[in-house]
Structures are given as C-alpha cells and as structure tokens.
Amino acid sequence: MTNAGAIYSEKVMDHFRNPRNVGDMENPDGVGHVGNPTCGDIMELYIRVKDNIITDAKFKTFGCGAAIATSSMVTELVMGKTIEEALEISNKAVVEALDGLPAVKMHCSVLAEEALKSAIDDYLSKSAKR
Amino acid sequence: MTNAGAIYSEKVMDHFRNPRNVGDMENPDGVGHVGNPTCGDIMELYIRVKDNIITDAKFKTFGCGAAIATSSMVTELVMGKTIEEALEISNKAVVEALDGLPAVKMHCSVLAEEALKSAIDDYLSKSAKR
Amino acid sequence: MKRIYMDYAATTPARPEVVQAMLPYFTEAFGNPSSIYSYGQEAKAAVDQARTRVANLIGAREEEIVFTSGGTEADNTALVGVALANESKGNHIITSAIEHHAVIETCEFLEKRGFTATHLKVDKYGLVDPDDVRKAITSKTVLISVMHANNEIGTIQPIAELARIAREAGVYFHTDAVQTTGHIPLDVNQLGVDLLSMSAHKFHGPKGVGALYIKKGTPLTPFLHGGGQEKRRRSGTENVPGIVGLGLAAELARLEMDGEVRRLTGLRDRLIAGLMERIDHVRLNGHATKRLPNNVNVSVEYVEGESMILNLDLEGICASTGSACSSGSLEPSHVLLACGLLHEQAHGSLRFSLGKWTEEGDINRVLDVLPGIVSKLRAMSPLLKSKK
Amino acid sequence: MKRIYMDYAATTPARPEVVQAMLPYFTEAFGNPSSIYSYGQEAKAAVDQARTRVANLIGAREEEIVFTSGGTEADNTALVGVALANESKGNHIITSAIEHHAVIETCEFLEKRGFTATHLKVDKYGLVDPDDVRKAITSKTVLISVMHANNEIGTIQPIAELARIAREAGVYFHTDAVQTTGHIPLDVNQLGVDLLSMSAHKFHGPKGVGALYIKKGTPLTPFLHGGGQEKRRRSGTENVPGIVGLGLAAELARLEMDGEVRRLTGLRDRLIAGLMERIDHVRLNGHATKRLPNNVNVSVEYVEGESMILNLDLEGICASTGSACSSGSLEPSHVLLACGLLHEQAHGSLRFSLGKWTEEGDINRVLDVLPGIVSKLRAMSPLLKSKK
Ligand SMILES: Cc1ncc(COP(=O)(O)O)c(C=O)c1O
Ligand SMILES: Cc1ncc(COP(=O)(O)O)c(C=O)c1O
C-alpha cells in the first residue's frame, strides 16, 4: 500500500502535518505577501531581523499541501541567515530541502521564494526609510 | 457452451453437414447457374422434370455455410412439385424451412431462389423449343 | 486504520460478483465476437446479454446501445458524431457551463473546426434555465448537450423539459448521464433524449468500458474507425469481459436502485446537516433537493481544498475537491465558478460522494474528524485573519 | 472433444497470471489514478509500472507511451492526431493497400475531410516497395503509415527502411504493430518510427486496452477529449486493471520471446509443408520467410473459406478466413486481392495463427482433418467441375 499523500515526499508530508513557525508576528521587520485567491495559494511571511540576521520567521498560508510545506521549509531555511544569505535561497533550495516536489507543484516553491524576497524587500525598504 | 457454428440454426447446420442432393445430373431438363466468384457464392442447380413435375434436383455450390444449406434445402423443397408450385417457392420459404438465417446471410436464400428460377426458366425455354 | 471511501463519484470498486462474472471471458471464453466458430459466438452471446441488461436499465432497445471505452469516449462520440453527421444542416452546438471536461473539451475541439458553441449559464444551484435553451436555439443548431447530473455538485437538470424544447425545434439532444446511470431511475423515453452517455466504473462496473445510447434513427458519424464492430457504429475488438461487467453492474443497479436511493439520501442529508452544524462558515454547493442521493459538496471558507483532502487522507478518509480530473491542476472548478462562487470559495470546496459501502458510522467519523482539520488549517490561514 | 485454437491473430486468451495481476485493481485497489489520496496513488503507481514495462518491451521511454482502449484507438489516434496537428503543413497521407481496417477506414474518414491519401500497392507477397514510398512523397505529405506485419498473411514489412525514407523527407511515420508487439523483437529506435500501435489482447493481455508509442516531440492533436489524463494526450479514466494486464503481458512476452519465436516458426513451417503435401491446389499466401512466426495462410482452390471454417469448427478446430473483422462480411479480403489473388482464391483462404498453447499434436490434427474436409467440399464445388 502506498502511503497517504503519496504524491508528496515524506519530508513534504512532515512539514505539511507539522508545519514549523506558523502564526502571526507582532511588529515584524519585514512582511511578504504573495499569491491570490485565483491561483489558489496565498502566503504571508513575516521576518524579524537583528544586526542583518534573520532571527525569527513566521508564516500563514492558504493553499495546498505543497504550499504549506514550502512555506514551512522556507521559514526554517532563513532562520539565522544574514539578509544576503537569505536572498540566495532559491526555490530549488526549498525543493531540495523537501526531497522534491511533483512537477505540477513546482510553482509553490516559486511562491515561497517570492514570499521570502518580498519580506526581505519590505525589510530593506523600511530600514532604508529609517 | 455455444455449439459449433452457432451463428446458424440447427437446421442450417444439418443441411450444411449432410447436404441433400449434391452432385451432377446427366442430361438435366433444366440448369440454373447463379452467383459469381466476386460475391463468393456460386450455385448450380439441375432439375429433372416429368409431366410438369420436378422429379429430381441436384446442386453444386461454392460458398459459405448458408449457401450450401439453402441450396440443399431448395432441392428438397422442389422435389415432387409442379413447375407452377416450384415457381412459388420464395427465398422466404427457404429461410423458414431452415429455421431462419442470420441477417448478413439472407442474400444466400435469394441466390437459392434465383438458382431455382433460372433452372425452371432453362427448362421452360428448352421445352418451348422442342 | 479502516479506510473510509467517500469518493464514489470519482470511481467505484467493481462489485465482487461483477468481477466473478467477467473472469471466464479473460481466459476460457476469450473468443473474438466477430469469429464465427464456437469461441467467438460464446463471446458474442455474452456481449448480447450485456446489451440487453444495459438497455433494460435505461428503457432502451438493445440495438440502441453501443459499447465504448468509457464515459469520455461516449461523450466524444455523441458530440463529434452528431456534429459531423449534421454538418450540412448547421454548425451550432448548445451546451452548459458546468459540463464535464469530456463534453467541454470536445466542444472546444469542434469550435476549432468550424463549429460554434453556446455555453448556457447556470443559476447559483447549478441549474440550467429552460428558457435560456429556447433562446439559444438558432436555425444552425444541430445538437444540445446538457448533463443529467453534475459530477461535482450533484445538481440534477430538468432534462425531460430541455429535451422537449430540443425536439420541438428539431435539434438532437445528448445527455451525459455518467453520474446518474445506475444511481437514479432513468428512462430514455421519459427523458426524451436522443443520446445518453454512461460509464461502468461509476456504478460498480469495471473501468475502461461504457456505453452510448443512440436513439434509433439518429444520424451519427462513427468516431472510432476500423473493423466495423457494433454494427459499424464503434470499431475495435469488443472488450468482452468489460462489457460483461458493465452488463451485470447495470442489472444489479436496476434491482437495488430504489433501496439505495432512499438509504443514501438519508446519509447524505445527515452529513450535510452535520457539517453545517459543526463547522462555521460552510456553504452547501448545488441544490438542496434536485441533487444526487450520494452527493455532498460544501465550501469551507478560508481553507483550501487539497490541504483538507490530505488531512482527511491521513485520517483514512478519501474525499475530493472539485472533480478528480482537475485535482493536480491549479484552476478552481469551473462548475463552482459558474455557480457564482468566489475563487477562494471554489478552492475551498470538498466533495463527499457516498456509495454502496458507506455506513452511518462513516458519516459520523467524518463529522468527528473534519472540524479539527478545519480549525488547524484556519489557524494557518491568512484569509481568516484579514476577515476578522 | 479438445478444442484446438488456431486463431491467435484474432485474439488470444489472457494469461492466468495476467488476470491474477489485474484482480486487485478491480476491487481493493480500485482508486482513480487522478485522485491524490492513497487509493488513487496506488492505482497511479500501478499504471506507471505498466508504462515502464510496455516501454521496455519496445525500447521506448515511459513518457512516450500513451494507453488507449486498444489497437483501433491507437491507430485512429495516430492518424487523426498527426493529420490534424500538421494540417498547416500539408494534407497528404501515404499508406498501403493491405493495412488493417483501423487504418484504412480512418484514412477514408480523413479523405472525406480534406485530406488525400496514396494507398501503396504491394507485390504478390504483400511487400511494400521502398521506392514506391519515395515516389509517393510530395511537399504536402505529413504522415506515412505502413503496418509492421499484416494480420492476415503475416508479411513483415521493411519498416526501418521505410521509416528512414520518411525521416529524410521530414515526414512522420506510424506503424501498426498490433501483430508484432510481444511476438517478435521490436525496438522503436531501430525501426526509427515516430508512432507505433499495439493491442494487449493480441499477446495474452486483456481486450479493451492498448497503447500508442509517440516519439518525444511528435505533434499530436488529442483524439479523446476530456479530463486530460495521460499528460493531456488521452482523456478518460484510466482502465487501471487493463493497463496492469497489458504491462504484465508485455513483460512476460519480452522474457519469453526468443524461445517462442523459434518454437512457433518450427510449428508454422511444419504446418505449411504438411498442407502443401497433403492437399492439392493449395497456395501459400504471404512471404515464405519475411513472415510472422505464427502465421499460416493458404488458399485452397475451388472451396470457400467459411465452409472450411465451419467444418473445422465441427472438428473442434478454430481458424479463420481473412481477418476476424471481415468474416460475416461478403467482400473477399482486400489484403489477398492486393496480393493479386483472384476472387475465388481470396474467398478460399484459410488462416491458422498459432500461439502459446499450440502444440505439435494440434498441427498433426489439422493435417489429419483438413484433407477430408476439402475433399468433401470440392465434391460439391461447381468450380472444380468446370476446371476438370
Ligand atoms: C459527468 C461525467 N462525464 C464523463 C466522465 C468521464 O467518464 P470516464 O471516466 O469513464 O471516461 C465522468 C467521470 O470521469 C463524469 O463524472
Ligand atoms: C493489424 C491490426 N491492427 C489493428 C487491430 C485492431 O486492434 P483492436 O482489436 O485492439 O482494436 C488489429 C486487430 O483487430 C490488427 O490485427
């Protein structure tokens, strides 16, 4: 018998079942908001930055299993990284960290990358204003 | 299990297995020759006529099961009939006497009727000349 | 963990007695029905018996049943076959906005090849308005195709009324009855349709076989060309075991239908009521009563369907979001959008389709499990926050 | 009476192990491969395994295999699919005079819809001349379809050579390999074809399932429109048990092929020699060596085929005259006529096609029984008399 959710790797299912860093963040340093109801995936990513280092990340996601897992994974990946390092995190890195995604779900990893970039952009533009 | 030759009635198969009146006839009073190689059925029908009554009939047929059975049946049907009665024998009568034929094989009964008509025609034209 | 299957609208298991009946035709009685010797004629007799059974299920005559490889081929054959056979009369087809892809995509194929199509809108319950059909008919209309019941939301159309309008206008009428055949009483003469599609695997027959009812006298260009089987209406060596399975499934469905309709309607309404009661912000999709006895379709606001399906699967419950065909695709259900749902509502749809082995305990288990899943996913949802 | 089946070219019994392998997919593992939950993914995994097995049999890649409802659908899909996808390039198709009706009739369908077709003649052995192919190609040619081996006379065409000519001219090449797949070694890359049709029931798989090989990059308009299964190339809920059966049949055929080719070639040649020896005025149809290992086709002069078949059936022997599809029809085989036979010779053809369960004793029995049948029928034949 094939396992439940067999379209996904165990890693994806683990992050889907027990997503890391779900939730809101009070006064985040950067917020990324990507996706829309039409495409069926909406991600919100919040980051806290201290001394150019991402010290905390949280997400909220409306979307499929892959959307939830990639959001969860990206929050794990950025934790403790410098802004420059975080900007290097590509959708491929997210996919690899999850042991792969089905072809039809690749766009979710792109969305996760975009959510991160958009949160960092938000942080950078806010700190530039400061 | 369906019987061999299940597309045909038992009557047809009986006449196919044991065709009546197969063979040539020396100096027949009438000969019918119908069909051609293109259509795949060729029938030859010979009749002997005495005092306007068909006293003997023989056939030779190249053709399918239905062609052989209808030839056989038509020779049985004409035996002892007057010329007028024999002319009344339609392909339907042949089919009925055989307990039916598959739709795709109806043309064989038509051929048998034609063979008979043609043998009688031959007899009539010969006797007219005499 | 017991698996609870609630996706009977996607496919059903073949009944054990159906599989048993098929078995001899794979091995001992394996003949080709076109062969005149005994093996062949045994197979032909089996195909003929199945044809009678299928005809009996829908009130048709044997010679009006053509076996196909499934519902999709039946739909393709009906649409392409009638369209091409009537090209000289006109090039306009009328269909609805909520048809199965087998009809929609076939229409699109025809539209690329010189036909035009009107896609009738539906109301919020998914119902086609007979007046819209009347208005859509032009002198060029050759075919109207409206499905009997929708596979996603279960709405049953007023086919008899629509078909009457078609008949009065001299237009052929096809109905995709893949979701109703074997499920609810259905008589082609009472419905007044010219063509009707069915698929065995939707009512406990095997996959890969279906049938198209073609009312005597309906002109139809064959879709599959070849050896001229099925009285030249559908070529290809007959799938004898599959056809035998379809036949028995049809027979059993006919005999058990009344009881099943009552039983499933009860379970359906319990599940709908329970979901409404236990979860906030749930809306029923489709019509409350003009509905398949086995269909429950709801939108759970603020959460996405696949994530609910996966969580249900982890609990051993099989359900679907939209139709099985479109899962894996990104587009929200065209059916739900046509009923006026917002994209996020369409993405948050859940379909439970009940069947032969669904019991009251299964309904209870869904009602026990789903609220927790929804809470967990809502806690993650950016949509809910913004609405708060 | 033991029945002796010698019509393996019409259809074959599914192997018991093939049926065994299919069984779970009717009942327990009955999911729809499009469903993301466990039942669905089990079914999908089974379909994928079958795809690998079929690909292995013919040297293709998994993603180049599309499952169909049989050989007829594969042929229709190849011809219509390539023709419509390349309409802007041209409207000319080349095929041979001895194709199966699934190709001939599909061509005729296309010819009614703006395409033109050249039907290549064959020599007395049924062979297409590569030069004829070369000459038939025009700037409008989009597709050449020549069958790998003929179902009636067993002649094997020089496909690699024909396909090379097509490739050099930039024309797509399809081969109907329904009679060769699983029977003789076959590699799509060595053959150099772009499309290849197969059918499970011809090599001990179930009826109602087949496959089309579509070389990567070959443009093809889908034939069946709908839910977008098979990567949008063939819609319709997958016939999972059938596909599993096809997969295992392919695997077993691959493993046993070499031995079977040798064994059957021996039996074939014994039967041919025996018939020639024991019956006067018998001619072999097809080629002596470029021939399927299991095909024997002779014309028995002065007697008609069906009457021989019926008599053989009465002796428990199943054979055919012409192809199974055309028995019941009145026209003599187009294949035999194309080889230059007279009508009466074509009507007097007998095909014995051997297979897995054919033994030497069966050959002997045919040789014992047939001479008597022929004598009896010849005694009845008006043709023989007129030749005497
Ligand atoms: C309404 C409807 N029409 C057509 C089909 C296609 O039938 P099949 O899967 O047998 O090709 C389906 C199911 O997939 C359906 O639900
Ligand atoms: C050469 C050839 N092509 C095509 C077909 C059609 O295949 P199917 O019967 O699976 O539709 C057959 C057999 O009937 C065949 O022998």
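Letters A, B, ... mirror the listed sequences (proteins, then strands); counts begin at 1. All figures in this text were calculated on a predicted structure; none of them were measured in a lab.
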Could you tell me which of [options] has the largest number of non-hydrogen atom pairs under 4.5 Å with chain C?
options                                  : answer
Cys318(D), Gly70(D), Ser69(D), Gly236(D) : Cys318(D)
Gly208(D), Pro13(D), Gly316(D)           : Pro13(D)
Ala14(D), Ala29(D), Gly245(D)            : Ala14(D)
Ser235(D), Gly40(D), Pro16(D)            : Ser235(D)

Most chain D-contacting option - heavy-atom pairs closer than 4.5 Å, from [options]:
options                                   : answer
Arg15(C), Arg113(C), Glu108(C), Lys112(C) : Arg113(C)
Pro33(C), Ala319(C), Gly210(C), Pro222(C) : Ala319(C)
Val209(C), Leu23(C), Asp75(C), Leu84(C)   : Leu84(C)
Val103(C), Ile243(C), Thr27(C)            : Thr27(C)

Output yes when a side-chain donor or acceptor of [X] lies under 3.5 Å from a complementary backbone atom of [Y], and no otherwise.
X         : Y         : answer
Asp313(C) : Ser38(D)  : yes
Asn32(D)  : Thr11(C)  : no
Asn76(C)  : His225(D) : yes

Contact origin within [X] toward chain C - heavy atom pairs under 4.5 Å:
X         : value
Ile104(D) : neither
Val240(D) : both
Ile317(D) : neither
Thr12(D)  : backbone

**Any side-chain donor near an acceptor of the partner, Asp7(C) and Tyr37(D), under 3.5 Å** = yes
**Message:** Ring-plane angle category for Phe26(C) and Phe26(D), please: parallel below 30°, perpendicular beyond 60°, tilted otherwise.
**Reply:** tilted
Answer whether the closest heavy-atom distance between the side chains of [X] and [Y] falls below 4.5 Å.
X         : Y         : result
Val80(C)  : Phe223(D) : no
Arg232(D) : Glu105(C) : yes
Ile36(C)  : Leu310(D) : yes

**Message:** At a 4.5 Å cut-off on heavy atoms, which part of Glu87(C) comes close to chain D: side chain, backbone, both, or neither?
**Reply:** side chain
**Complete:** Exactly one candidate in His204(D), Lys207(D), His201(D) meets side chain to side chain contact (heavy atoms under 4.5 Å, CB included) with Phe30(C); the answer is Lys207(D)
